[in-house]
Participant: 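My questions will all concern the structure given below.
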Amino acid sequence: MNSKVEELRARFQSEMNAVRDAEGLEKLRVAFLGKKGFITDVMKTMRDMDENDRKEMGRYMNEFKAQVTQELAEQGKKLQARLEEEKLKNDVRYDISLPCESPLGTLHPITIVQRELEEIFSSMGFAVEDYAEVVTEYDNFEAVNVPKHHPARDMQDTYYLDNGELLKTQTSAAQNFILRKYGAPCRAIFPGRCFRNEDVDASHETTFFQMEGMMVDTDISISNLIYFMKTMLSEVFKKDITVRLRPGFFPFTEPGFELDIQCPFCGGKGCATCKHGGWIELCPCGMIHPNVLRMGGIDPEKYTGFAFGLGLTRLAMMKFGISDIRYLNSGSLKALDQFKTL
Ligand code: DAH
């Protein structure tokens with residue numbers, strides 16, 4: 001009786017050794033454990049045995065069945081693991097032997113300052129807008145009160161394209177678009193990249209960033225301008241900032257100002273950052289010229305507003321103590337990798 005089971009066991013072992021894949025394994029399972037398999041066949045013959053033999057045979061067969069079931073399961077797992085290993089080996093998309101640590105990138109210092117300003121202005125109810133870098137002459141000049149042949153055009157040495165359009169020289173190029181989009185009242189800032197033909201040195205670049213802002217409503221005055229500028233700059237420098245206005249000329253403002261801040265680094269005593277003057281010229285601004293409002297479809301008799309053109313590049317350099325503007329466009333990770341703020 002036992003020899004019958006031993007015979008089956010030997011057969012199972014030799015067939016199991018020959019199994020190479022999941023399909024072979026399944027065939028083996030059906031041959032031994034299936035409804036018409038060897039084990040069922042033997043079980044059927046047990047009916048005719050006398051009681052003692054049947055019990056003994058039953059015990060052998062149960063043991064054997066358990067052994068077959070377990071070995072089939074183990075072999076199944078082994079085959080699956082081998083399959084996955086093969087798959088990984090043949091997968092050319094990645095190499096599992098390479099070290100997996102790659103350094104994370106960092107934000108550009110200008111992006112850091114820009115995002116900070118966007119957050120500050122958003123919290124004061126300003127919309128954040130974007131505008132094209134290639135603009136029309138109308139956008140860049142006429143719409144901000146600089147007609148053709150006006151000498152103020154000479155202040156900005158401009159890159160013209162063959163089709164008569166130009167790389168925007170100032171974010172003010174979007175003023176008309178903003179006024180038309182929002183009408184009055186409106187509060188918006190619009191950061192952007194600007195381009196001018198410059199002799200490049202430590203503080204001049206052909207490509208730089210500004211952040212323009214506008215607020216239009218009834219009864220807007222210079223006090224509103226001072227309030228918003230002071231609040232924004234105090235947030236940026238994380239301390240109370242003293243500002244002052246000096247007269248400045250911009251064709252799109254009336255009156256126009258240069259806004260200076262008392263040096264946040266030395267408190268006005270004089271240091272290298274403020275070139276020992278105690279004050280830093282930071283933000284040209286002014287009350288929006290009635291012509292600009294009119295060209296934007298807004299009635300200057302009813303509404304007034306202020307605008308400013310903050311030098312984002314300058315502000316980032318000052319905030320992070322970057323001494324040479326050329327680092328900013330250099331793509332040098334050695335220089336730019338250091339600003340991990342945020
Ligand atoms: N667009 C001017 C420039 O690039 C800066 C400026 C001055 C913007 C006064 C303004 C402003 O909005 O009111 O030099």
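Counting starts at 1 for both ligands and their atoms, following the listed order.
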Participant: Please report which non-hydrogen protein atom sits nearest to atom 12 (O) of ligand 1, along with the residue it belongs to and the distance in Å to one decimal place.
Facilitator: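 So the nearest neighbour among protein heavy atoms is Glu212 OE2, 2.7 Å.
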Participant: Kindly check if the number of other-residue, nucleotide or ligand heavy atoms within 6.0 Å of CG (Asp201) is above 12?
Facilitator: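 More than 12 within 6.0 Å, yes.
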Participant: Side chains of Glu63 and Gln67: donor-acceptor distance under 3.5 Å anywhere?
Facilitator: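 Gln67 and Glu63 do not have a side-chain donor-acceptor pair below 3.5 Å.
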Participant: Does atom NZ (Lys65) have a neighbourhood of more than 12 heavy atoms from anything else shown, all under 6.0 Å?
Facilitator: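 No, not enclosed.
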Participant: Considering Gly309, Gly248, Pro251, Ala173, which one's heavy-atom position lies nearest to atom 8 (C) of ligand 1?
Facilitator: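 Residue with the shortest heavy-atom distance to the ligand atom: Gly309.
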Participant: So, 4.0 Å and heavy atoms of Arg196: is ligand 1 close enough to count as a contact?
Facilitator: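 Per 4.0 Å heavy-atom rule, Arg196 contacts ligand 1.
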Participant: Where does Phe306 meet ligand 1, judged by heavy-atom distances below 4.0 Å: at the side chain, the backbone, both, or neither?
Facilitator: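 Contact part for Phe306 vs ligand 1: neither.
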Participant: Are more than 12 heavy atoms, taken from residues, nucleotides or ligands other than Glu119, located less than 6.0 Å from that residue's CD atom?
Facilitator: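 Atom CD in Glu119 is not crowded, with 12 or fewer foreign heavy atoms closer than 6.0 Å.
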Participant: Counting each atom of ligand 1 from 1 as listed, which ones have a heavy atom of Gln175 under 4.0 Å away?
Facilitator: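 The list of qualifying atoms is 12 (O).
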Participant: Just to confirm my output: which protein heavy-atom neighbour is closest to atom 5 (C) of ligand 1, and how far is it?
Facilitator: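 Residue, atom and distance for the closest contact: Pro284 CG, 3.7 Å.
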Participant: For the residue pair Gln75 and Glu71, confirm or rule out a side-chain donor-acceptor distance under 3.5 Å.
Facilitator: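 The answer is no; no qualifying pair exists.
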Participant: State if Met155 counts as touching ligand 1 under the rule of any non-hydrogen atom under 4.0 Å.
Facilitator: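 No, Met155 has no heavy atom closer than 4.0 Å to ligand 1.
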Participant: Does a side chain donor of either Gln175 or Glu212 reach within less than 3.5 Å of an acceptor in the other side chain?
Facilitator: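 Gln175 vs Glu212: donor-acceptor pair found between side chains.
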Participant: Give a yes/no verdict on whether any heavy atom in Gln210 is under 4.0 Å from an atom of ligand 1.
Facilitator: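 For ligand 1, residue contact (heavy atoms, under 4.0 Å) with Gln210 is present.
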Participant: Note the single closest protein heavy atom to atom 11 (C) of ligand 1, along with its residue, its atom name and the distance in Å.
Facilitator: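 So the nearest neighbour among protein heavy atoms is Phe252 CE1, 3.6 Å.
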Participant: Using a 3.5 Å cut-off on N or O atoms only, is Ala307 in polar contact with ligand 1?
Facilitator: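 Checking ligand 1 against Ala307, an N or O pair does fall under 3.5 Å apart.
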Participant: Considering only heavy atoms of Ser172, which atoms of ligand 1 have at least one such atom less than 4.0 Å away?
Facilitator: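 Going through ligand 1 atom by atom, the ones under 4.0 Å from Ser172 are 1 (N), 8 (C).
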Participant: Are a donor atom and an acceptor atom from the side chains of Asn62 and Arg59 found within less than 3.5 Å of each other?
Facilitator: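 Checked: Asn62/Arg59 side chains show no N/O donor-acceptor pair below 3.5 Å.
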Participant: Would one find more than 12 heavy atoms of other residues, nucleotides or ligands at under 6.0 Å from atom CD of Glu51?
Facilitator: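 No, not enclosed.
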Participant: Where's the contact between Cys285 and ligand 1, heavy-atom distance under 4.0 Å: side chain, backbone, both or neither?
Facilitator: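 Within the 4.0 Å criterion, Cys285 contacts ligand 1 through backbone atoms alone.
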Participant: Gln170 heavy atoms, cut-off 4.0 Å: which ligand 1 atoms fall inside?
Facilitator: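 The atoms of ligand 1 under 4.0 Å from a heavy atom of Gln170 are 1 (N), 2 (C), 3 (C), 4 (O).
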Participant: Counting from 1, what ligand 1 atoms have a heavy atom of Gly286 closer than 4.0 Å?
Facilitator: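 Contacts of ligand 1 toward Gly286, numbered from 1: 13 (O).
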Participant: Give the ring-plane orientation class for Phe228 versus Phe126, where under 30° counts as parallel, over 60° as perpendicular and anything between as tilted.
Facilitator: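 Rings of Phe228 and Phe126: perpendicular, as their planes differ by over 60°.
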Participant: So if I count the atoms of ligand 1 from 1 in the order they appear, which ones are less than 4.0 Å from some heavy atom of Thr253?
Facilitator: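 Counting atoms of ligand 1 from 1, those under 4.0 Å from Thr253 are 11 (C), 13 (O).
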Participant: Step through it carefully: locate the ring centre of Tyr327, locate the ring centre of Phe339, and say whether they are under 6.0 Å apart.
Facilitator: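 Tyr327 vs Phe339: aromatic centres not under 6.0 Å.
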